[in-house]
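What follows is one structure encoded as structure tokens, with my remarks underneath.
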Amino acid sequence: MSEPLLEVSDLQVYFPVYGKGLVPRHINDVKAVDGVTFQVGRGETLGLVGESGCGKTTTGLAVLRLIEPTGGSVVFDGVDLSTLDKRDLRLLRKRMALIFQDPYASLDPRMSIGAIVGEPLEIHRLTQTRADRDDRVGELLELVGLSPDYRNRYPHEFSGGQRQRVGIARALATEPDFIVCDEPIAALDVSIQAGIMNLLEDLQDELGLTYIFIAHDLSAVQHFSDRIAVMYLGRVVEVADRVALYETPQHPYTAALLSAVPVPNPAVQRTRQRIILEGDVPSPLNPPSGCSFHQRCPKAFEPCPHVDPALRTTKRDHDVACHLHDPALSGAAGA
Amino acid sequence: MTVAPSTPMERLPEKPVSRSREIWQTLIANRLAVAGLVVLALLVLMAVLAEVIAPFGINDIDIPNRLTGPSMSHWFGTDDLGRDVLSRVIIASRVSLQVGFIAVGFALAFGVPIGLVAGYYRGKTDSILMRLMDILFSFPAILLAIAILAVLGPGIRNAMVAIGLVYTPIFARITRGSVIVVSEEVYIRAARSLGARDGRIIFRHILPNVLAPIIVQTTLSLAFAILSEAALSFLGLGVQPPNPAWGRMLAEGRNFFQQAPWMGIFPGVAILVTVMSFNFVGDGLRDALDPKQKSVIESRGQSV
Amino acid sequence: MSDPILSVRDLRVRFGTKRGVAEVVNGISYDLHAGETLSIVGESGSGKSVSVLALMRLLAEPPAAIAGSVLLHGRDLLKASHRDMRSVRGKDLAMIFQDPMTSLNPVRTVGYQLSESMSLHLGLTADSARRRAIELLDMVGIPSPDVRIDEYPHQLSGGMRQRVMIAMGLSCDPDVLIADEPTTALDVTTQAQITDLVAELQQRIGMAVIWITHDLGVVAGIADRVIVMYGGRFMEEAGVNDLYAAPNHPYTDGLLGSLPMPGADRPEKLVTIPGLPPDPVAMPPGCPFAPRCVHSDASRCHIEVPVFEPDRARHLVACHYPLQVTA
Amino acid sequence: GDDDAETTTTAAAAGTTTVTTAGDDGDTATTAAPATTAAAAEPMVLVAAQGSEPDTLDPHLTSAYASFQVLENVYDTLVQPGDDLSMEPALAESWTISADNLTWTFVLRQGVKFHNGREFVADDVVFSFERIIAEGLNGWRFGSVESVTAVDDYTVDVTLTVPSPNLLVSVAGFKGMAIVAKETVEDGTIATNPVGTGPFRFVSQSPDGGIVLEANSDFWRAGEGLPILDGIRFVQIPDAGTKLTALRTGEVDWIDAVPPQDVDGLSSEAGITVGRVPGGDYHYFALNQNRPPFNDVRVRRAIATAINRTEIAEAAQFGAATANQTAIPASNGSWHLDYAPYQSADIAGAQALLDDAGVADLSIDFLVTSDFPETVTQAQVIAAQLAPLGITVNIVDVDFGTWLDMEGNGEFDAFMLSWIGNIDPDDFYYAQHHTGEWANFQGYSNPDVDALLDAARVETDSAARKALYDQAAAMIVDDASYIYLYNPDNINAWSDAVGGYATRGDNAIRFVGTFLQP
Amino acid sequence: MSQFLTKRILQMLVALLGVSIVVFALIHLVPGDPVRVALGTRFDQDLYDMLRERSGLDRPFIEQYFAWLGNALTGDLGLSFRNSQPVTSLVLERLPATITLAFAALFVAIVVALPAGIISAVRSGKPLDYAVSAASQVGISMPDFWAGVMYILLFALTLRWLPSSGYVSFLESPIEWLRHLVLPAITIGLISGSVITRFVRSAVLEALNQDYVRTARAKGLSEWRIIRRHVLPNAWIPIVTVVGLQLGFLMGGLVVVEVIFAWPGLGRLALTAVKDRDFTLLQGAVLYIAFMFLTINLIVDLIYVRLDPRVRVS
Ligand SMILES: Nc1ncnc2c1ncn2[C@@H]1O[C@H](COP(=O)(O)OP(=O)(O)OP(=O)(O)O)[C@@H](O)[C@H]1O
Ligand SMILES: Nc1ncnc2c1ncn2[C@@H]1O[C@H](COP(=O)(O)OP(=O)(O)OP(=O)(O)O)[C@@H](O)[C@H]1O
Ligand SMILES: [Mg+2]
Ligand SMILES: [Mg+2]
């Protein structure tokens, strides 16, 4: 990994839960992100995968300080974001962008596509004249496979995939250094998926962009990322090089995840063996004690329900949070 | 210079359309809104040319012919001093429209930003601004009016300020209520992620999405401002007699409700016409600002 | 083969826009049988969502205009009264929407939105509807369903919202389930759980499914038949094995070729189909794919719209120059 | 009232006598007393609607006409204006004046009881008068009083500094000079629970029930069968139209005023009687003589000449008024002066005066108040009447609180109002036109007038006094210190079921002889 | 919870203090003073000076205010200048009538506005919408005095169904209470209702356009149920805001309607206080109005949180 552009340490995001009653009272917290640590190097792509609801989106938002983290720190290019005042943070946003998971909800329904994509240009005064801006908007739309003719249309007139591409075009507008891509390709057909990934890669090659790439399509993640972090219930449970993760997954959850990747071949897909995860899916409202995966883990053993495994490096560039890979306990695992 | 040959299939690239132009185009595609605009324009024209149009003077007293009903010489009848109601209605348009537009404009100019800021920032800002609005709202409007008379001196302009001040907290509250909801939308977070300043978020993203209730309140306030001018006139704050204003004419007409209903009906109708046409424009504007509604309007122009 | 449950004939949807009439769905026809899973894949913006919204009569008219016929159990939905339509929706014909955030009511709890159609169509009491709602949430893999049921959409993650939509679609055991990209926001394990769940229901109650997706891996796992859509038209329709084994249409071929292969070493570049999709306001006169097709020729493809050849009953392709001729 | 049927019957029987002896001057037809019926068990309570709300029920501290409408029936004064407005005995049975005209001795009625049962004695008079002098709003009426002393329980001496021929009017012209019970002042209940000696006893006051009075069975005229009614309920209906409707629907029996435009219609309506008599009030306007050019008598006269009083009275009062160029109305028989030097609407004459004064393009800031809407109407008519002279009238219409301030500070070119309820000529002229007096806001100063007014004040011979006032009045009119407009009529209306009531020239509302017939 | 309420109550106290200061300042700014008005045209300098001294009006402005404030803090709002009655009891005396009318009018308003606004939105652009809109605009353009007089002439004078004016306490006679209440409540209720109708229409129209309505339709819900269960809950916030504002207005008393119907409400009291420059009475009336308004707003803010789960108490 090259010199880190982004260092996230012990990030926590808790959402308060309010009770009923005339005046709502804070009764509990959803620990959506609970002690996440990782780094992303300059020009690197970190894939972020994990079960739905495990806190990927929340991590992405907190990294960009679009929600206030409850704890932990985010250092971007040597600057601790929590020390920045509003204005500096705002200026820094030219260098950081987010592609939102929900494309429609993230587009202002009363703004035309052209205005939406042109907005970051306007905000950061990246184009001098109106004509310049219009040209650039057209370019951006074309880049994501939308006709510039669509610029006067409004979000509700677009298909899901088209909306998603509008969001991508908007994120690319400022030519940022760092983009959190939250499921940027989920709603796109494979050809366009490929086109978008190619585009992002090209940009990375040309401009040295850094990405956090959140996706469920593990093939795409693997294709696109340099390293991949696997999250489970608000934590990172495994981080490894793209190849290593696929070839030698260490965390039982990662293994289960990989076994479920659908293969675009009916014959193979219908006969494949998946690792079926048994047991209740835990909730971030009251996470289980010990390892949060232990209730569903096929390999759980004595310490798992009690001791929370720390993320530790097992091999070069391969970190995992699992008692199975704790040298001190590995004997017990065998037993 | 060479002209590039273009195949007939090739469409000319769409020109980016400016938002205000687009809104205007959609607005004038709406028949009712156009009708409203035309009537408003006529009213304004009437106000400007009032002296020329009015068949009689505003204080042409004619006691023997007082309280006569509509006739050929007095289309709208005469009032308790025998003055021509039509002429007074025409001339009153000047003051009443001014009061309406300026007072509401004042309330809009102050109330909406206050509501936007309070609803967007919440917390302390919200508390301070809204409590200030509450204080303002708690005053009997008449007291406020008399006080303004005392401080600024009487006159129609100050009447407008007074009425505007009374409506400011209403606009602030209405705006804030909707802002609180819209602020939670994802696209607001998206705008923030782009590094948009608060001002931009507030005015470019939140405002257009909370405009509907503001437009409604604007049209309502217009009516109430025109009417409440009457109350202020009585306190010496508004237009002074014999200069007429619709609200004042209505109020005076009340005493002659049974003998001469036309004294009140005609100024009342004038207010109604103003309010209605303003409403049509407001509704049209609301539709024009709502892209979904706009699509529906546009599709009517297409044979599908 | 039995009569189809749903049969769509020459469905057309147009939108009036300022720029002109957008021809978004241009005459599509298909049949759906009980227990069957039909996958619709295709270009983003090709009209998949619009076509299913149209058949449920959920498009605002205007701006949309719908033509053709949609026969459900032999009755034409496009001519049905509003009241009839209401009794069909949710019960006979359920739909999972593509955008889960905006499709869920922000001020109603998950449980409320879930129980609603059950009490309406199944006549469940509040209590039993709630119990069943919790069950459904559990079935779609949402942790702590008894807590989540009282939460609001904004408190859920993207995938959870999507699963709420799925649970809603499944709640009344519909005859036909239309799922518009239902698992895009789900991780692969949860996705597998969902597809298993749907398959199980199909087994149990003979539910037919229209599954719109871009995930060709999912399609490979669940579909009986696949329809490939492009520019508002069907390009190819075939059994799932046939299609993957021998794509006939150049567009289908292009799609399959764009896939990143799991586990494989990173290729330099993913393959894409060059060019832009057609503008629905200015549809090209011939094959909509012609401008991007390497095989197209100016004399036919750009002028004449290719149609399905009726004699090739099991594997249909709308192309003047199909890639291969299946047996 | 909790009187039983018997009392009611007796009272009713006596009613006829009362009404006739009260000397009804024929304006109102005397109705026969109600016949005794079985329904007599129902207490006979008159519902009277007032157009405004009493502020306080303390007679010495209120200036609200609405309060006096009620208090008129609760309190007594030493003497009181009779139907012809001459003073007749009330609590004082008789009075004598010392030879030097400086001591008035009042002999009080014996056996009169306050509503709380205590007997009325001379100390009450002393107390009341001293209170009025010390803190009452009408203390100025006692300007010439040096002391008030109780000679014995039934004799009171009022000692004066100068002869005061109008003393009776001053000390008893209206209920602002009422004799109150000392204890109610001391315990502070006077403002809410008035205790007097009058025909009706205060029962309660509430926002929903209005003000309830019941018959005072111990009233000193009980022997005459007075009062006849068992009680009165005053309700407050501020809107004139609603008040009229309430009378028409029978919700109320009597209303205190009728909007002038409705008088004609109402008079011809079945079931309703309109009582209308010429009143003692006068409407006027005054020009600010501290400001040029209004200090020039020619300018003032020009304006007084140009206006058309009949038209103004017609416009504002719909004919229910009498145009007048002086203050005192013809109905005030003894003091009226028939003097009308101004030509009506004489534009040419007015123009000549203005030219003479060298005044052109005159502009007048005319102070009026919507709290008295007729001033606004009149000002508009005057504006129209002066327009041919090239005079611009800028009407300044403010609320009364502001109006008073502006008047007091001299912030006007002209102001307009009316004076109400005067009887004695001194009240009409002295404070208003004597140099430096408190009501002389217009800044009028004429040494001749001052001398005449001073002399008239102490002139005890009525004829001589009248002569002095006539001279002064003519000068005031000639100088246009005030420009007098008209005297409005006093108007009340009541349902035909009400008998024994007459509208009075001083606008006092007396229900002592009133009864209801079923 | 208690923290939020404590904070809001503190804010309320500060706001009330603010109100009292501004009232005090304003009443001293405007021309005229209570003594002058009490004396009327019978102006007498000595009496004037004496009365001013007695009521403390001759003291410096600030001193007067603190004297008043000191008493107010102990719950004593002082005596009315005009009639020496305790301000508290003068205000309290008027409360039942004011509150009765406010709620009755609001009731009429809501009963009219909700269905009318909803129908108008659902039938947007259709004849029924135009009819409702026209009616509501007439309601808005027709001043209360005009409407009130019409109702009196029709229902009281011509038809003799209802009394023309006055207020009867509920305790005295519930039936008379109601009979007297009907006309004034309708007079204001229809005006308020016209206002609320416009907001209901606009808010419902806005919510009807959202995607979740499509979801609800896909479930097969009836249109009416969709309106009730999905559209309205999303439209409530602007509606509740205006209803709160309207209630605030109504609680402050309605001078004109009170005059027309001889209704012993607070509006007239406040107006009299202004006209008389009766500073203490005005303070009492305004403080009451401010208190009501602050309370209503507190409730409205709490309702917001109930209505939209995304909104948090701040
Ligand atoms: N209201 C509308 N007005 C005009 N055009 C519309 C409207 N709604 C959809 N369209 C157009 O119709 C076409 C088809 O949209 P549709 O949503 O059906 O695509 P889709 O196949 O579902 O794509 P995706 O896979 O991206 O969801 C798109 O080009 C879109 O721009
Ligand atoms: N505003 C919120 N209030 C309360 N809880 C929230 C909120 N936002 C997210 N959560 C909770 O936080 C947890 C993590 O959510 P997040 O959206 O980060 O998941 P995710 O990993 O992105 O899932 P997905 O893949 O489904 O999008 C979930 O349990 C979710 O319910
Ligand atoms: Mg997410
Ligand atoms: Mg779609």
Side-chain angles (χ1 to χ4, degrees), chain B residues 122-124 126-127 130-132 134-140 142-144 146-147 149-151 169-170 173-174 176-178 180-181 184-185 210 212-213 215-217 219-220 223-224 226-227 230-231 247 250-251 253-254 257-258 264 268-269 271-276 279 283 286 290 292-293, chain E residues 7-8 11-12 14-15 18-19 22-23 25-27 29-31 133-134 137-138 140-143 145-146 149-150 153 195 198-199 201-203 205-206 209 237-238 240-242 244-245 248 252-253 255-256 267 270-271 274 282 285-287 289-290 293-294 297 300 304 308 310-312 314:
Chain B
R122 304 299 308 274
K124 236 188 223 121
D126 187 20
S127 299
M130 292 329 286
R131 291 305 85 74
L132 279 177
D134 289 349
I135 292 179
L136 202 55
F137 194 84
S138 309
F139 282 103
I142 335 154
L143 174 64
L144 218 54
I146 301 181
L149 159 80
V151 179
I170 302 173
R173 280 234 139 236
I174 301 254
R176 171 180 173 270
S178 299
I180 285 177
V181 177
E184 302 297 326
E185 297 284 353
V210 299
I215 290 176
V216 172
Q217 182 60 45
T219 50
L220 293 175
F224 290 131
I226 293 176
L227 289 176
L250 253 172
R254 167 184 146 205
F257 189 91
Q258 282 176 291
V269 168
I271 296 175
L272 182 65
V273 167
T274 310
V275 170
M276 275 210 177
N279 236 301
D283 281 358
R286 209 231 344 265
D290 182 345
K292 284 195 187 172
Q293 214 51 44
Chain E
K7 225 165 72 189
R8 277 303 283 261
Q11 278 181 23
M12 266 168 89
V14 173
V19 168
V22 181
V23 172
L26 285 188
I27 201 84
L29 270 176
V30 305
S133 292
Q137 281 165 32
V138 171
I140 292 157
S141 308
M142 172 142 57
F145 51 78
W146 200 262
V149 169
M150 270 173 43
L153 291 182
V195 171
R198 304 298 299 159
F199 279 92
R201 177 181 184 273
S202 140
L205 215 50
E206 188 92 356
N209 264 331
I237 287 204
V240 164
T241 310
V242 271
L245 281 167
V255 180
V256 175
L271 180 68
V274 171
L282 188 67
V286 173
L287 281 182
I289 295 169
F293 197 63
L294 288 163
N297 284 341
V300 166
Y304 282 173
D308 195 318
R310 291 170 297 177
V311 175
R312 289 169 307 269
S314 66

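Order of the sequence lines fixes the chain letters, A, B, ..., with proteins taken first and strands second; residue numbering starts at 1 for each chain.
- For the pair E:Leu245/E:Phe293, a side-chain contact is recorded, criterion being any heavy-atom separation below 4.5 Å from C-beta on.
- No side-chain heavy atom of B:Ser127 sits less than 4.5 Å from a side-chain heavy atom of E:Arg8.
- Your options are E:Gly252, E:Ser202, E:Gly248, and the one with the most heavy-atom pairs under 4.5 Å with chain B is E:Ser202.
- Only the side chain of E:Leu205 comes within contact range of chain B, with heavy atoms under 4.5 Å apart.
- For chain B, the nearby part of E:Glu206 is the side chain; its heavy atoms alone come within less than 4.5 Å.
- With a threshold of 4.5 angstrom between heavy atoms, E:Ile237 approaches chain B through side-chain atoms but not through N, CA, C or O.
- In terms of heavy-atom pairs under 4.5 angstrom with chain E, the leader among B:Ile180, B:Leu250, B:Leu132 is B:Leu250.
- If you tally non-hydrogen atom pairs under 4.5 Å between each of B:Ile271, B:Leu220, B:Asp283, B:Leu136 and chain E, the highest count goes to B:Leu220.
- The distance from atom CG of B:Asp126 to atom CE of B:Met130, rounded to the nearest 0.5 Å, is 6.5 Å.
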Please determine whether side chain to side chain contact (heavy atoms under 4.5 Å, CB included) holds for the pair E:Met142 and B:Leu227, giving the CA-CA distance in whole Å, both sets of side-chain angles, and the decisive distance to 0.1 Å. CA-CA 9 Å; E:Met142 172 142 57; B:Leu227 289 176; over 6 Å; no
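- Between B:Arg131 and E:Met12 there is no side-chain heavy-atom pair separated by less than 4.5 Å.
- Contacts between E:Val274 and chain B at a heavy-atom distance below 4.5 Å involve the side chain alone, from C-beta outward.
- Of the listed residues (B:Thr219, B:Ile170, B:Asn279), the one with the most heavy-atom contacts under 4.5 Å to chain E is B:Asn279.
- The side chain to side chain donor-acceptor pair (under 3.5 Å) search around E:Thr241 returns E:Tyr304, not counting sequence neighbours.
- Both the backbone and the side chain of E:Val23 come within less than 4.5 Å of a heavy atom in chain B.
- For chain B, the option among E:Val286, E:Asn209, E:Ile289 with the highest count of heavy-atom pairs below 4.5 Å is E:Asn209.
- Residues satisfying the side chain to side chain donor-acceptor pair (under 3.5 Å) criterion with E:Asn297, sequence neighbours excluded, are B:Asp134, B:Arg173.
- Under the 4.5 Å side-chain criterion, counting only non-hydrogen atoms from C-beta, E:Arg198 is not in contact with B:Gln217.
- Residue E:Asp308 touches chain B through its side chain alone, counting heavy-atom pairs closer than 4.5 Å.
- Neither the backbone nor the side chain of E:Ala25 comes within contact range of chain B; no heavy atom of the residue lies under 4.5 Å from a heavy atom of that chain.
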